[in-house]
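A short worksheet on the structure shown next.
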Amino acid sequence: MRGGSTFAGLGNSSFASLTPAPATADEAEPWVRGELIRSLMRSARGSHLFGAALMPAMVSLCWGYVPTWQLALWLLIGVTATGCRVWGERLYALRFAETDAASQEQFVHRYRYLWSASAFAWGLSILIFFERVPVVSQFMCWLMVAGVATFPLNGLALHPPLLQRYVNTLFITMMASLVLRVVQLRFVELHFSYGFLLLPVLHWWLLLRAGRRIHETSRNSFELLFHNHILINSLTQQRQAAVSAVAMKNRFLASAAHDMRQPVLALSLYADWLRNEPDLVEEIAPKIVRATHAVNALFDSLFDLARIDSGQVRLHIERVDITQLLHDLELQYRPVAESKGLRFRVHSTGGAVLTDPIRVRRMIGNLLANAIKYTAEGGVLLASRATPEGVRIEVWDTGIGIAREHLRDVFLEFYKVADHAGTSDGFGLGLAIVARLSHALGHPISVRSRLGRGSVFRVALHDADESQAQTRISGSVG
């Protein structure tokens, strides 16, 4: 019938928080970069709050030893930096969380100063406790600074430029503050030996080194996750294709058996009738011939479809004259149309196209046969039109038409519109063959129809490339 994620240690996230991976390996790099930044932002939610919670503790350790205004000023700087981080997270969640990798990187680059502000505030903390509070309090303050430097490492390492900016800002500010305090003390003997001051430098180096390793591990994990996704998608598609193939085979066999049973049964009945009533040979013989033709037509269609699907059709691309093609089709189908009392008109604008003449003639012929078959009165128009993209062949009819909901399915094997006049004696293979050849030759086909008013099928004839066409038809099995 015819018709028309993230892993443990990478932040507070889970596999469910990953954005869908792209379908092709070419998009792996952007997807991985984007997911690294998303994981960074998820892990950053707690780091600045951890630092903000330590600020009152440090102020309490320094209370009574440092002028109140200095403590208040440092606390104000720290609270302001934390507020900026909270604002930045909200901005990210509203505008950038669901964007692509380029937008993610743009956000981090544009608002990188938010992390620098937090690092700067904690680097200044050296000025309020170093050699100003008791040794035990100093030791506790040093532990706080070390914790603030180390706690965000797992998150910041996901974007190395941001890690370097944060760590460098923190330790450069720390070292500058240490030097300033030593100068203020006029190099007097410290509670800590000067060798102790090398520990922050060692910590600085260790953080950058550990950050590189965390980044490499995280990146490799995301790349592995991406390629696993591609593999799962491929296996899922292959499974779906296999299931579809089995379902199609079952439908194919069931439909073929159903459509073959009627003419074969008719042949059997006519043969028995003729054996019992030999005098009725003139009446029965034409019926036997029609039933035989029906069986042959079904087998021809089945064989054609099987050859196309198995890739055994050899295409021969050559220059085809459109006017001659339409003339040949007219000679073949005009008598058929006129025998039903239908008008058959041809309109050609000329032109030529590179294609397989036999296959194109088969495509248009099947469309004409359907048009004639499903038209009771009026006529059929076969036309060619010149378009900017090439030549387009159209088959118009004034037949029964096709409902909109059936247009997508009419190119399936054995598809027949239920309770549709004229479908009982068809096999539903003509348009399936047209669709296969259309795909192979690269000649797109479209259909428009109005129920009870008629249909128009359009075939766009673009110059076909023989090797590409043969590859497509050979690959139709998969």
Flag side-chain contact, heavy atom, 4.5 Å: Leu170 against Trp204: no
Gap separating the NE2 atom of His229 from the CZ atom of Phe222, nearest 0.5 angstrom: 14.0 Å
Reported OG1-to-CD distance for the pair Thr99 and Gln106, which is rounded to 0.5 angstrom: 8.5 Å
More than 12 heavy atoms from other groups under 6.0 Å of CZ on Arg319: yes
Min side-chain heavy-atom separation Arg345-Leu382 under 4.5 Å: no
Whether Lys340 side chain and Thr375 backbone form a donor-acceptor pair below 3.5 Å: yes
Student check: side-chain heavy atoms of Phe96 and Arg38 closer than 4.5 Å: no
Sidechain-backbone polar pair: Thr82 side chain, Ala52 backbone, donor-acceptor under 3.5 Å: no
Criterion side-chain contact (heavy atoms from CB on, under 4.5 Å) on Ile37 and Leu158, from CA distance to verdict: CA-CA 7 Å; Ile37 294 177; Leu158 300 175; over 6 Å; no
Thr398 side-chain N/O to Gly454 backbone N/O, donor-acceptor pair under 3.5 Å: no
Derivation and outcome, ring-ring contact (aromatic ring centres under 6.0 Å, His included), residues Trp87 and Tyr111: CA-CA 11 Å; Trp87 171 82; Tyr111 298 102; 5.6 Å; yes
Distance (rounded to the nearest 0.5 Å) between His347 NE2 and Leu381 CG: 8.0 Å
Among Ile445, Ile372, Asp397, side chain to side chain contact (heavy atoms under 4.5 Å, CB included) partner for Leu367: Ile445
Short side-chain to backbone donor-acceptor contact, Ser339 and Val336, under 3.5 Å: yes
Distance (rounded to the nearest 0.5 Å) between Leu114 CG and Arg85 CZ: 7.5 Å
Under 3.5 Å side-chain donor-acceptor pair for Arg458 and Ser446: no
Over 12 foreign heavy atoms within 6.0 Å of CD, Glu377: no
Stepwise side-chain hydrogen bond (donor to acceptor under 3.5 Å, both in side chains) test for Thr236 and Arg239: CA-CA 5 Å; Thr236 300; Arg239 178 183 177 277; over 6 Å; no
Glu330 side-chain N/O to Val346 backbone N/O, donor-acceptor pair under 3.5 Å: no
CE on Met363 to CG on Leu461, rounded to 0.5 Å: 7.5 Å
Test side-chain contact (heavy atoms from CB on, under 4.5 Å) applied to Val456 and Val395, step by step: CA-CA 5 Å; Val456 54; Val395 176; over 6 Å; no
Check against salt bridge (charged side-chain N to carboxylate O under 4.0 Å, His left out), Glu338 and Arg334: CA-CA 6 Å; Glu338 291 179 346; Arg334 177 182 289 277; 3.3 Å; yes
For the student: nearest non-hydrogen atoms of Ala386 and Thr349, plus distance: N-OG1, 3.6 Å
Heavy-atom donor-acceptor pair, Thr173 side chain to Thr169 backbone, under 3.5 Å: yes
Mutual orientation of the aromatic rings belonging to Phe107 and Trp115 [parallel < 30°, tilted 30-60°, perpendicular > 60°]: perpendicular
Student check: side-chain heavy atoms of Leu231 and Leu235 closer than 4.5 Å: yes
Value rounded to 0.5 Å, distance of CD1 in Ile364 from CG in Leu329: 7.0 Å
Nearest non-hydrogen partners of Phe344 and Ala337, listed with the distance: CD1-CB, 3.9 Å
Close side-chain approach of Val320 to Leu354, heavy-atom, < 4.5 Å: no
Evaluation steps, side-chain hydrogen bond (donor to acceptor under 3.5 Å, both in side chains), between His443 and Thr355: CA-CA 9 Å; His443 299 333; Thr355 187; 2.8 Å; yes
No-hydrogen, no-angle side-chain donor-acceptor test under 3.5 Å, Asp328 and Gln324: yes
Full working for salt bridge (charged side-chain N to carboxylate O under 4.0 Å, His left out) between Arg212 and Glu216: CA-CA 6 Å; Arg212 286 194 296 269; Glu216 292 173 0; over 6 Å; no
Residues Leu325, Arg361; criterion side-chain contact (heavy atoms from CB on, under 4.5 Å); working and verdict: CA-CA 7 Å; Leu325 173 65; Arg361 189 177 293 113; 4.1 Å; yes
Residue pairs fulfilling salt bridge (charged side-chain N to carboxylate O under 4.0 Å, His left out) with at least one residue in residues 100-122, sequence neighbours excluded: Arg33-Glu105
Main-chain N/O of Arg385 paired to Arg392 side chain as donor or acceptor, under 3.5 Å: no
side-chain contact (heavy atoms from CB on, under 4.5 Å) assessment of Leu162 paired with Leu40: CA-CA 10 Å; Leu162 194 60; Leu40 159 65; 3.6 Å; yes
Distance-minimising heavy-atom pair for Leu36 and Ser218: CD2-CB, 4.1 Å
Donor-acceptor pair between Thr323 and Ser348 side chains, under 3.5 angstrom: yes
Minimal non-hydrogen separation, Ala149 against Tyr166, with atom names: O-CE2, 4.4 Å
Taking every non-hydrogen atom, the tightest pair across Leu153 and Ala210: CD2-CB, 3.9 Å
Heavy-atom pair of closest approach, residues Gly34 and Ala101: N-CB, 3.7 Å
Side-chain donor/acceptor of Tyr333 to backbone N/O of Ala369, under 3.5 Å: no
Under 3.5 Å: donor-acceptor pair, side chain of Ser455, backbone of Ser449: no
